[in-house]
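No experiment lies behind these values; they were computed from the predicted model shown. So that the names make sense, note that chain A is the first sequence line, chain B the second, and so on, each numbered from 1.
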Protein chains: 2
Amino acid sequence: MAKGDSGNDKHCSNPGCTVTYALKLIDGKWKLPIICTLGEQTVRYNELKRQIKGITSMMLTSSLKELEECGIVHRKAYNEVPPKVEYSLTKEGMSLTPILFNLGLWGQDLKCNERSE
Amino acid sequence: MAKGDSGNDKHCSNPGCTVTYALKLIDGKWKLPIICTLGEQTVRYNELKRQIKGITSMMLTSSLKELEECGIVHRKAYNEVPPKVEYSLTKEGMSLTPILFNLGLWGQDLKCNERSE
DNA sequence: CTGGATCCAAGCGGATACTG
DNA sequence: CAGTATCCGCTTGGATCCAG
């Protein structure tokens, strides 16, 4: 609609391709695990790292930063020693959940069909 | 549930992470454009290539193959000379559309909030 | 017309070590 | 505790050429 169009976003004829934008926000190996781990709770950095098996500090930090920048995750830092930072989903982040749930149902459906090949 | 679990799919606590599976199916630069271009129609290979600006034969072919293998796209080849192959969405593919639409609405919402930063 | 094969560049993500 | 910095391999996708 405004600027920021890099050339070929005309394909997704239906919603104007905020779909592509949305998918980009949750793209990357760890975004989904982070979002799901947060859920309705407020979780500290190291607690996230502990619960999400296999993630490194770097990936956790950078993923959280991206999720924060686009408004999915809220970051609250306490000025204490030792440091304490809590992460939680924003209301926009929480509104993703039902959509992902539907997507999951759809995926489950396709998974079944796969077995009949 | 069966085999095929590569280690850490336990994160997405809600639907069991068929979400991750679903997202993987539509992952890649061209899957979405292809799905949206197909829509309700039946489109030939070269017509797809023409409508999806920037895609190469290779990416179109491989993307279509993956979409076909997972049951999103239907491929119908006519044994003719010159060759004629038509692609269309399966009913599972079409059932994705409303979900993507909701995802698009969600993305649109986040896009607006972005401007206030 | 509908692909397949090969080569190559860029980016994502992993491993490791370090810091306030 | 909560990150940062650097290096590096692997995967994704693009360019080009070839084929039935």
Kindly give the heavy-atom pair with the smallest separation between A22(B) and G107(A), and that separation in Å.
CB-CA, 3.9 Å
Any salt bridge (Lys or Arg N to Asp or Glu O under 4.0 Å) involving residues 39-52 of chain A? Give me the pairs, sequence neighbours left out, ordered by first then second residue.
E47(A)-R50(A)
Tell me the interatomic distance from L60(B), atom CG, to dG13(D), atom P, rounded to whole angstroms.
14 Å
Terminal axis angle for the helix from dC1(C)-dG20(D) to dG20(C)-dC1(D), five pairs an end, nearest 10 degrees
50°
Euclidean distance, atom CE of residue M59(A) to atom P of dA2(D) [Å, nearest integer]:
19 Å
Please tell me if the side chains of D27(B) and L23(A) come closer than 4.5 Å, counting only heavy atoms from C-beta onward.
no
So F101(A) and T97(A), do their side chains get closer than 4.5 Å, heavy atoms only?
no
On DNA chain C, more 5' by nearest nucleotide between P83(A) and D27(A) is D27(A)
Value in whole Å for how far the P atom of dT11(D) lies from CD of E66(B)
14 Å
With heavy atoms of chain B within less than 4.0 Å as the criterion, where does contact along DNA chain C begin and end?
dC1(C) to dT6(C)
Between dA2(D) (P) and I55(A) (CD1): distance, integer Å:
14 Å
Do the non-hydrogen side-chain atoms of L105(A) and D109(A) ever get within less than 4.5 Å of each other?
no
Working to the nearest 0.5 angstrom, can you tell me the gap between S88(B) OG and M94(B) CE?
6.5 Å
Quick one: closest heavy-atom pair of Y45(A) and S57(A), and the distance?
OH-O, 3.1 Å
Counting just side-chain N and O atoms, does W30(B) come under 4.0 Å of either OP1 or OP2 of dG14(D)?
yes
N/O to N/O distances under 3.5 Å, protein versus nucleotides 3-8 of chain D:
unit_1, atom_1, unit_2, atom_2, d
dG3(D), OP1, R75(A), NH2, 2.5
dG3(D), OP2, Y87(A), OH, 2.6

List in chain and number order the residues that pass side chain to side chain contact (heavy atoms under 4.5 Å, CB included) with S62(A), two or more places apart in sequence or in another chain; answer none if no residue qualifies.
M59(A)
Show me the donor-acceptor pairs within less than 3.5 Å that the side chains of residues 70-82 of chain B make with the rest of the protein, sequence neighbours left out.
unit_1, atom_1, unit_2, atom_2, d
R75(B), NE, Y87(B), OH, 3.2
Y78(B), OH, E86(B), OE1, 2.9

Do L38(B) and L48(B) come close enough that some side-chain heavy atom pair is under 4.5 Å?
yes
Heavy-atom pair of closest approach, residues W30(A) and S63(A):
CB-OG, 4.0 Å
Does K29(B) or R50(A) map to a spot on DNA chain D nearer the 5' end, using the closest nucleotide for each?
R50(A)
